[in-house]
Engineer: 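Dropping the structure in here first, questions after.
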Amino acid sequence: MSRGTVVARFAPSPTGHLHVGGARTALFNWALAQKLGGHFLLRIEDTDQARNSQDAVRGILEDLAWLGIHWQEGPQLGAVGGDPRGVGPFFQSERLARYDAALARLIERDLAYPAFDTTEELDALRKIASAEKRAFRYVRAASWDRAAALARMASEPHVVRLRAPDETIVVHDHVLGDVAFGPEQIDDFVLRKRDGFPTYHLAVVIDDEAMGVTHVLRGPEHLNNTPKHIALQRALGYRTPIYAHVPSIQNPDGSKMSKRDKDKAARALAQLAFAADPSLRVRAESAVAAKRLTAWLGDAKSQLETGELDALERALALDLPSVTVEDFRHAGYLPETLDNYLALLGWNPGEKLADGRDRERFSLSDLAEKFSLERIGRGSAKFDRAKLLAFSQEQLAALSDADWLARWRTWCARYAPEASAALADPQRALVFAASMKTRCATLAVASAPNGPGRFALVADDGFAYDEKAVAKWLAKGEPAGRTILENVRGTLVETTPFEPAAIEAAVAKFCEASGLGMGKVAQPLRVALTGTAASPPLGETLAVLGREAVLARIDRCLRETRPT
RNA sequence: GUCCCUAUCGUCUAGUGGCCUAGGACAUGGCCCUUUCAAGGCCAGAACACGGGUUCGACUCCCGUUGGGGACGCCA
């Protein structure tokens, strides 16, 4: 690597799908690297053996790739990733020897040392500290015997701790400015766990150095860790990268937005469901083992595994809040829409459009061009679903019909293959796209049970007639809607081509000839074709269905809604 | 409890001492358009947390209060 090359990184721990806060951090790091002409590196922090999961790794990689956040260095996923500078591997669990080597150097110089306290002993100390209303701080006893401790290392379980420096450490944060931490705020923290794995602090410092990371952009929960990392860097003789801590993303109620929210909501909804209908419990147990389920319901602090939660969500048809990238993908957002919205949470380009509005819409490449640390805000931001939805609505509507259709089919392939299959005819599908574009805030809406496109995706006898609509538009009036339907049917038999404009014109002509207002004809048709009085413009509604289905549905309607 | 960060409309934000009787967007309400549902257009209401300083002059700088968030793990 040439000197001065910028390397920014995203370093998630594999504990489930990427959540939106992590996605934003990744996005910012990616944008910073692109802006500075550097590399964006992805590293997997899998040093917690208890929570490690291969599925989660794959999920995170796919989430990032879907968002268009491609890493030049990191685990391989298709064409993304690789190790051009030879700084890998990118899984910390495969780098243990490096951590141990660094630790050996530290111990040799008495900058780090083994400690043999049990969890119980430490808990007791913490309890005392808390009773005395002071912060707990681990420091090595003055009477500590180095030779004895080193001798015990070989045979006894132990952790390795850093000897914290007795000095104030100033973090030069590029978002927050200088933040000073006194010596009382850094204790002899653990570097290597009892199981031989490094702690986050050790692994992150060593890897950032080894991988030449120059910029560290991360969540605010790490600000307090930064002086520890700087202390470690000094002990090891490393440089200190540029730090910037971005504000958190919160729920509308002000709490921190996290994966836990989904778990909490699921527990509340499941309890409600079981109370209302105890038999649902059996369904739930098909998704989550009975024992696990009971334990989870009884302990508000426990969490289900990602797979279990997904299974439970499906089994009980729970409506859980979207917090992960996968949730939003499932909900039918475009990746560029999520990117755009996320980028605006805590950052903005500070540009005005010609008409005086703030510039709020930009692509990934715009972001790469405009991103800067200076324009990251300092206050936390609440995640506003309504605004995201508005972005989605607008960006979907701006697509060409063909693009919309392609995006929709792609979405369907993953989440609703039957919907796409129901509209195989390319011409009719294009009409569908044209009329759904302005009616669906996300791609998932089009095929949703009560969605505006549902009528075009079900069989001719696959929908019910809304009673009120039938009463208002078919039974009443002079002439009655039924009669009008019978009459307009003839016009439709002959209309060619069976396309929106021609249909629209033919129906208009029919109205004129019959001396009827457009509404008098259009509404009965809508009820007959869709079961309800609301649908896209008449020409589009009929063209999407095709002549055959239109005639079949009119006949079915006449038959089934006959007055008794 | 201790430490750290933070504070402009309901929400995201513009604002870097005079351009601010504070601008934009989303949401909300109203009107227009209209064969339904949308989309679109126009209009309206809506904020500098509070108290002290500094200054000729504070949304902007300083201090404090209050509110919010985070950390205090052999999690990351």
Side-chain angles (χ1 to χ4, degrees), chain A residues 11-13 15 45-48 50-51 115 117-119 122-123 126 129-137 157-161 171 173 175-176 179-182 184-185 187 189-195 197 199-201 203-204 218-227 245 247-248 250 252 254-256 341 344-348 350-353 355-361 377-391 393-394 397 435-440 452 469 473 504 507-508 511 517-523 525-527 530 532-538 541:
Chain A
S13 57
T15 55
E45 312 225 317
D46 54 350
T47 56
D48 185 350
R51 291 200 296 168
D117 317 79
T118 64
T119 308
L122 291 173
D123 282 349
R126 288 200 183 91
S130 141
E132 291 174 359
K133 295 187 188 263
R134 57 182 172 79
F136 172 71
R137 184 165 177 267
H158 62 276
V159 300
V160 176
R161 289 177 180 269
V171 176
D173 189 287
V175 167
L176 302 172
V179 185
F181 294 87
E184 72 286 349
Q185 284 170 69
D187 73 348
F189 59 96
V190 174
L191 298 175
R192 188 173 64 195
K193 302 179 252 185
R194 187 176 292 254
D195 66 3
F197 272 57
T199 59
Y200 164 69
H201 306 300
V204 82
R218 44 166 38 165
E221 67 275 17
H222 289 301
L223 179 60
N224 293 292
N225 290 330
T226 308
H245 292 89
S248 63
Q250 302 177 332
S255 62
K256 188 184 173 186
Y341 178 72
L344 235 25
L345 232 39
W347 179 85
N348 77 81
E351 281 180 84
K352 296 274 187 206
L353 265 16
D355 61 2
R357 297 173 188 226
D358 291 353
R359 171 146 199 206
E360 286 195 316
R361 302 302 140 89
R378 305 196 301 176
S380 55
K382 292 189 177 69
F383 193 93
D384 184 359
R385 282 156 208 289
K387 185 148 181 164
L388 204 214
L389 199 63
F391 272 37
Q393 163 97 263
E394 187 195 296
S435 53
M436 288 305 110
K437 270 195 335 185
T438 55
R439 260 161 277 264
C440 299
W473 296 109
E504 205 73 54
V507 175
C511 288
M518 189 55 136
K520 283 277 205 181
V521 181
Q523 292 310 87
L525 267 172
R526 286 198 164 88
V527 176
T530 73
T532 73
S535 88
L538 206 59
T541 301

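The sequence lines fix the lettering, A, B, ..., with proteins before strands; numbering per chain opens at 1. Only heavy atoms go into these numbers, but all of them, side chains included; no hydrogens, no water, no symmetry mates.
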Engineer: Heavy-atom nearest nucleotide on RNA chain B for A/E184 versus A/G346: which residue maps closer to 5'?
Structural biologist: A/E184

Engineer: Looking for any heavy atom pair under 4.0 Å, which part of the strands does A/T47 touch: base, sugar-phosphate only, or nothing?
Structural biologist: sugar-phosphate

Engineer: Work out how far the C1' atom of B/A38 is from that of B/A76, and round it to whole angstrom.
Structural biologist: 46 Å

Engineer: Checking contacts here: which listed nucleotide (B/A14, B/C37, B/A39) is nearest the side-chain heavy atoms of A/T438?
Structural biologist: B/A39

Engineer: Classify A/P536 by what it touches in the nucleic acid, base, sugar-phosphate, or nothing, heavy-atom distance under 4.0 Å.
Structural biologist: base

Engineer: Please pick, from B/U36, B/A38, B/C4, the nucleotide with the shortest atom-to-atom distance to any side-chain atom of A/Q185.
Structural biologist: B/C4

Engineer: Distance between the C1' atoms of B/C48 and B/C20, in whole angstroms?
Structural biologist: 10 Å

Engineer: B/C5 and B/C42: how far apart are their C1' atoms, nearest whole angstrom?
Structural biologist: 43 Å

Engineer: Looking at B/G29, which nucleotide sits across from it as a Watson-Crick or G-U wobble partner, both distances under 3.5 angstrom, or is there none?
Structural biologist: B/C43

Engineer: Considering heavy-atom distances to RNA chain B, does A/N224 or A/L345 have its closest nucleotide positioned more toward the 5' end?
Structural biologist: A/L345

Engineer: Is it the case that the base of B/G23 and the side chain of A/D358 share a donor-acceptor contact (distance under 3.5 Å, atom types as modelled)?
Structural biologist: yes

Engineer: With sugar-phosphate meaning primed atoms plus P, OP1 and OP2, does A/R378 contact a base, only sugar-phosphate, or nothing at under 4.0 Å between heavy atoms?
Structural biologist: sugar-phosphate

Engineer: Name the closest nucleotide to the A/K387 side chain, picking from B/G70, B/C12, B/C5.
Structural biologist: B/C12

Engineer: Do the side-chain N and O atoms of A/T530 and A/S535 include a donor-acceptor pair separated by under 3.5 angstrom?
Structural biologist: no

Engineer: Please state how far atom CD in A/Q250 lies from atom P in B/G10, giving the value in whole angstrom units.
Structural biologist: 16 Å

Engineer: Select one nucleotide: of B/U35, B/U13, B/C5, the one nearest the side-chain heavy atoms of A/A381.
Structural biologist: B/U13

Engineer: Within the structure, does a side-chain N or O atom of A/N348 lie under 4.0 Å from either OP1 or OP2 of B/A14?
Structural biologist: yes

Engineer: Within less than 4.0 Å of OP1 or OP2 of B/C74, is there a side-chain N or O belonging to A/R126?
Structural biologist: yes

Engineer: Can you check the distance between B/G73 and B/G64, where both ends of the measurement are the C1' atom (answer in whole Å)?
Structural biologist: 34 Å

Engineer: Please work out if A/E504 contacts a base, only the sugar-phosphate, or nothing of the nucleic acid, heavy-atom cut-off 4.0 Å.
Structural biologist: base

Engineer: Considering every strand and a 4.0 Å limit on heavy-atom distances, what is the contact class for A/R439: base, sugar-phosphate, or nothing?
Structural biologist: base

Engineer: Categorize A/K520 for me: base, sugar-phosphate, or nothing, with a 4.0 angstrom heavy-atom threshold over every strand shown.
Structural biologist: nothing

Engineer: Using a heavy-atom cut-off of under 4.0 Å over every strand shown, decide if A/S13 touches base, sugar-phosphate, or nothing.
Structural biologist: sugar-phosphate

Engineer: Pick base, sugar-phosphate or nothing for A/H245, based on heavy-atom distances below 4.0 Å to the nucleic acid.
Structural biologist: nothing

Engineer: Given the C1' atoms of B/G67 and B/C50, what is the spacing between them in whole Å?
Structural biologist: 10 Å

Engineer: Say you pick atom P in B/G24 and the same atom in B/G69; how far apart are they, in whole Å?
Structural biologist: 31 Å

Engineer: Please measure how far the P atom in B/A22 lies from the corresponding atom in B/A49, and state the result in whole Å.
Structural biologist: 15 Å

Engineer: Is A/D117 touching bases, backbone alone, or none of the nucleic acid, heavy atoms closer than 4.0 Å?
Structural biologist: base

Engineer: Identify the nucleotide, in any strand shown, that forms a Watson-Crick or G-U wobble pair with B/G57, with both distances under 3.5 Å; if there is none, say none.
Structural biologist: none

